[in-house]
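As the structure is a prediction and not an experimental result, all values here were calculated from the model.
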Amino acid sequence: MERSRIVVIASILAALGAILPMLAAYYLSWSIAVRGEQTRLSRLADYAIMRADAALAEASKALKAADRFDMPPCMTTHIAALRSLVVNTTAIEDIGYFENGLLRCTSWGYPPRRLTRSPPADFFASNGVEVIPRMYPTISTGAPMTAFRYHSYTVLTNPIRFVDVIAEPGTRLAVATKNGVLVSTLNDPDPSLTERLADLPKTGSNADDLFATARDANWIAVAAAPKIAILSDMDRERLLLLPGGALVAALMVGLVVWLSRRRLSPLGELSIAVQRREFIVHYQPLIELKTGICVGAEALVRWRRPDGQMVRPDLFIPLAEENGLIEEITDQVLYATITELKGVLAADRSLHIAINLAADDLKSGRILPVIETALQNTGVLAEQIWLEATERGFMDVKSARATIEEARRRGHSVAIDDFGTGYSSLQYLQELPLDALKIDKSFIDTIGTDSATSSITPHIIDIAKSLDLYIVAEGIERREQADYLVERGVQYGQGWLFSKALPAAEFIAFYNDSKRRLGAGPAVIRREIA
């Protein structure tokens, strides 16, 4: 009897000794996973608030600039001034002038004959601008916009800007006014959350989701993710634990969680990819539109994982820029380009390759000696390496000018990329010694359509011509687009009408075939250096 009792007690103690560490591991791993996920969601919600405030600030600046106009309302000069505000302000899609509550004109012209009244505002922002969560465009129509009103002027902003963030699969996001009126969503968040945004705690959960909220004087944001999304991390952490007591189990869980989360985070994967040089280059051919001859290419970075999976640049380039990894990636692109194409570049001086620069590179100029080193003993000229930067890179005009002047002194040509989609103004183009302007694909897409933005493309072309810049049209996909651009005097283009971005060997074959088919060498695209 005593023996049986001892066996039973020993069995129970043995079972408890085996079970308790696993229970402790389960509880600890669950708590860490939840805390980490809610921290990630909190940052995402904070970022959405920051984007909403940035859009409000830009819209407010445009509104107050319009309010200071000293010209008769809705005359040609007034509409042109409104249109210039829209073109040079990233966050707004349209601006309208109201008189006695009725819309008289917008940056796109005059409204239809039906009366369009300005709807009531949801609240006054902290800077005195009125916020209207939903307002339909009168002329361009389309989806409802978020409107900001100041005195007689109202601007429209696409609310998708508030939630245009890189998020993990399954993550959902919503942004509302401080009064709880929903403005924009990403991935269809749970209505039970969006309907009570104003009452949600900073972090929490419901039956299916974890969520986190962020607030400021104007906006509320909530980010949510399914609980099941963290189960795989929990299972992996528990399998690495040895049942050796609650303390050992707790220490093992903490170590595994720290290591695995660091290794499996997007930033961790990207850092390892940089160390392992997992980046490759594809080349988007640049075509002389009049002749169809390939005269160069744009070097485009691609991330190829060890398993062969390709990661889109828009998913890792912003992360690299935010965390100081972009310069190393740029260097890898540069050296890969020179290694792969030095033969064809040295053989044909008229061919050039464009390298994209990050804002930090343009600000510091540190890339220029790197290029000089990479070109040594290759037979490739500095004139054959073009430098491209998006409009954000030109925000520090003084530093950008110094870098551009030094680049041009060394022989490089410099182009502004994706013009019209970023932060620049016409003042940037006038102040910086640029060689070329690249029109973003979003404007090329409007050619031959009735889009409200289709009239912007000829204005961009005229601006470039007035500044004596080469013009490159991006994203040409239809013959009618190419014909239109040729008729407007655009010299060069790239896009799927001619070719997709190609690996080095395929690009060289494409380039050689281009010369062979047309029976002529490529035109030389090179500025004269004084």
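- Annotation: side chain of F124 is not in contact with side chain of V131 (no heavy-atom distance under 4.5 Å).
- Separating the CD atom in E477 from the CD1 atom in I444 is a distance of 10.5 Å, to the nearest 0.5 Å.
- Surrounding NZ of K64 are more than 12 heavy atoms belonging to other residues, nucleotides or ligands, all under 6.0 Å away.
- Judged by distance alone, with hydrogens and angles left aside, the side-chain atoms of T157 form a donor-acceptor pair with the main-chain N or O of A91 at under 3.5 Å.
- Atom NZ of K465 has more than 12 neighbouring heavy atoms from other residues, nucleotides or ligands inside a 6.0 Å radius.
- Contact check for L289 versus Q491: no side-chain heavy atoms found under the 4.5 Å cut-off.
- No donor-acceptor distance shorter than 3.5 angstrom exists from the side chain of D348 to the backbone of V344, with no hydrogens or angles considered.
- Put simply, the side chain of D216 gets close to the backbone of W219: a donor and an acceptor are under 3.5 Å apart.
- Classification of E406 and R409 as a salt-bridged pair holds, one side-chain N sitting under 4.0 Å from a carboxylate O.
- Ring-plane geometry between F69 and H78 is classed as perpendicular, the angle between the planes exceeding 60 degrees on a 0 to 90 degree scale with a lower cut at 30.
- Taken from CD1 in I508 to CG in L341, the straight-line distance is 5.0 Å, to the nearest 0.5 Å.
- When atom types are taken as modelled, the side chain of N88 and the backbone of S84 share a donor-acceptor pair closer than 3.5 angstrom.
- No donor-acceptor pair under 3.5 Å is formed between the side chain of D94 and the backbone N or O of L156.
- Heavy-atom contacts from other residues, nucleotides or ligands closer than 6.0 Å to CE of M75 number 12 or fewer.
- Screening residues 368-377 for salt bridge (charged side-chain N to carboxylate O under 4.0 Å, His left out) gives E372-R410 as the qualifying pairs, with residues at least two apart or on separate chains.
- The neighbour count for N100 CG, taken as heavy atoms of other residues, nucleotides or ligands under 6.0 Å away, does not exceed 12.
- At most 12 heavy atoms of other shown residues, nucleotides or ligands fall within 6.0 angstrom of atom CZ in R43.
- Contact detail for A374 and I338: the closest heavy-atom pair is O-CG2, 3.7 Å.
- Taking 4.0 Å as the cut-off between side-chain N and carboxylate O, R51 and D46 do not count as a salt-bridged pair.
- Shown here for D435 and S413, the closest heavy-atom pair between the two residues is OD2-CA, 3.3 Å.
- Dense packing is recorded around CD of Q309, with more than 12 heavy atoms of other residues, nucleotides or ligands lying under 6.0 Å away.
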Could you go through I367 and I371, starting from their C-alpha distance and side-chain angles, then the distance that decides it, and tell me whether this counts as side-chain contact (heavy atoms from CB on, under 4.5 Å)?
CA-CA 6 Å; I367 191 64; I371 297 174; 4.0 Å; yes
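- K515 contributes atom NZ, which lies 8.0 Å from atom CG of L351 (distance to the nearest 0.5 angstrom).
- A donor-acceptor pair under 3.5 Å is absent between the side-chain atoms of R408 and the main chain of L434, judged by distance alone.
- Taking the side chain as every heavy atom from C-beta outward, I476 and I447 never approach each other to under 4.5 Å.
- Salt bridge R478/E480: present, at least one basic N to carboxylate O contact under 4.0 Å.
- With hydrogens and angles disregarded, a donor-acceptor distance shorter than 3.5 Å links the side chain of Q384 to the backbone of L345.
- Here the options are W386, Y492, Y283, the test is ring-ring contact (aromatic ring centres under 6.0 Å, His included), and the partner is H352; only W386 passes.
- Salt bridge absent: R302 and E278 never bring a charged side-chain N and a carboxylate O closer than 4.0 Å.
- Here the CD1 atom belonging to I439 is positioned 9.5 Å from the CD1 atom belonging to I463, to the nearest 0.5 angstrom.
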For a side-chain contact (heavy atoms from CB on, under 4.5 Å) check, start with the C-alpha distance between I132 and R149, then their side-chain angles and the critical distance, and finish with the verdict.
CA-CA 8 Å; I132 304 168; R149 183 169 60 205; 3.6 Å; yes
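- Scanning both residues, A62 and I92, for their nearest heavy atoms gives CB-CD1, 4.0 Å.
- Using a 4.5 Å cut-off on side-chain heavy atoms (C-beta onward), R479 and L497 make contact.
- A 4.5 Å side-chain heavy-atom check between Y97 and C74 finds at least one atom pair inside the cut-off.
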How far apart are the C-alpha atoms of D462 and R488, what are their side-chain angles, what is the distance that settles it, and do they pass the salt bridge (charged side-chain N to carboxylate O under 4.0 Å, His left out) test?
CA-CA 9 Å; D462 291 341; R488 295 287 302 184; 3.2 Å; yes
Go through the steps for N127 and S60 under the test side chain to side chain donor-acceptor pair (under 3.5 Å), then give the verdict.
CA-CA 8 Å; N127 62 0; S60 300; 2.8 Å; yes
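- No side-chain donor-acceptor contact under 3.5 Å links D417 and T390.
- When side chains are defined from C-beta on, T177 counts as touching V183, because their heavy atoms get closer than 4.5 Å.
- Within the 4.5 Å cutoff, the side chain of L300 has no heavy atoms near those of the V281 side chain.
- Under the 3.5 Å distance criterion, the side-chain polar atoms of T373 are matched with a main-chain donor or acceptor of P369.
- From S499, atom OG reaches atom CG of L286 across 12.0 Å, with rounding to the nearest 0.5 Å.
- If you run side chain to side chain contact (heavy atoms under 4.5 Å, CB included) between L186 and each of D164, I160, V163, L44, only V163 comes through.
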May I have the step-by-step check of side-chain contact (heavy atoms from CB on, under 4.5 Å) for L387 and D361, ending in yes or no?
CA-CA 11 Å; L387 306 179; D361 276 323; over 6 Å; no
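- The OG1 atom of T330 sits 8.5 Å away from the CG atom of N356 when rounded to the nearest 0.5 Å.
- At least one donor-acceptor pair under 3.5 Å links the side chain of T378 to the backbone N or O of L375.
- In summary, of the residues considered (E298, K441, Q284), a side chain to side chain donor-acceptor pair (under 3.5 Å) with Q494 occurs for E298 alone.
- Taking each heavy atom of Q481 and G475 in turn, the nearest pair found is OE1-O, 4.1 Å.
- In terms of heavy-atom proximity, S126 sits nearest to A217 at CB-CB, 4.3 Å.
- Distance alone, capped at 3.5 Å, places no donor-acceptor pair between the S107 side chain and the L82 backbone.
- The pair E269-R305 meets the salt-bridge criterion, since a charged nitrogen lies less than 4.0 angstrom from a carboxylate oxygen.
- Contact record, V274 with Q332: O-NE2, 3.0 Å, taken as the closest heavy-atom pair.
- For the pair L325 and F316, the minimum side-chain heavy-atom distance is 4.5 Å or more.
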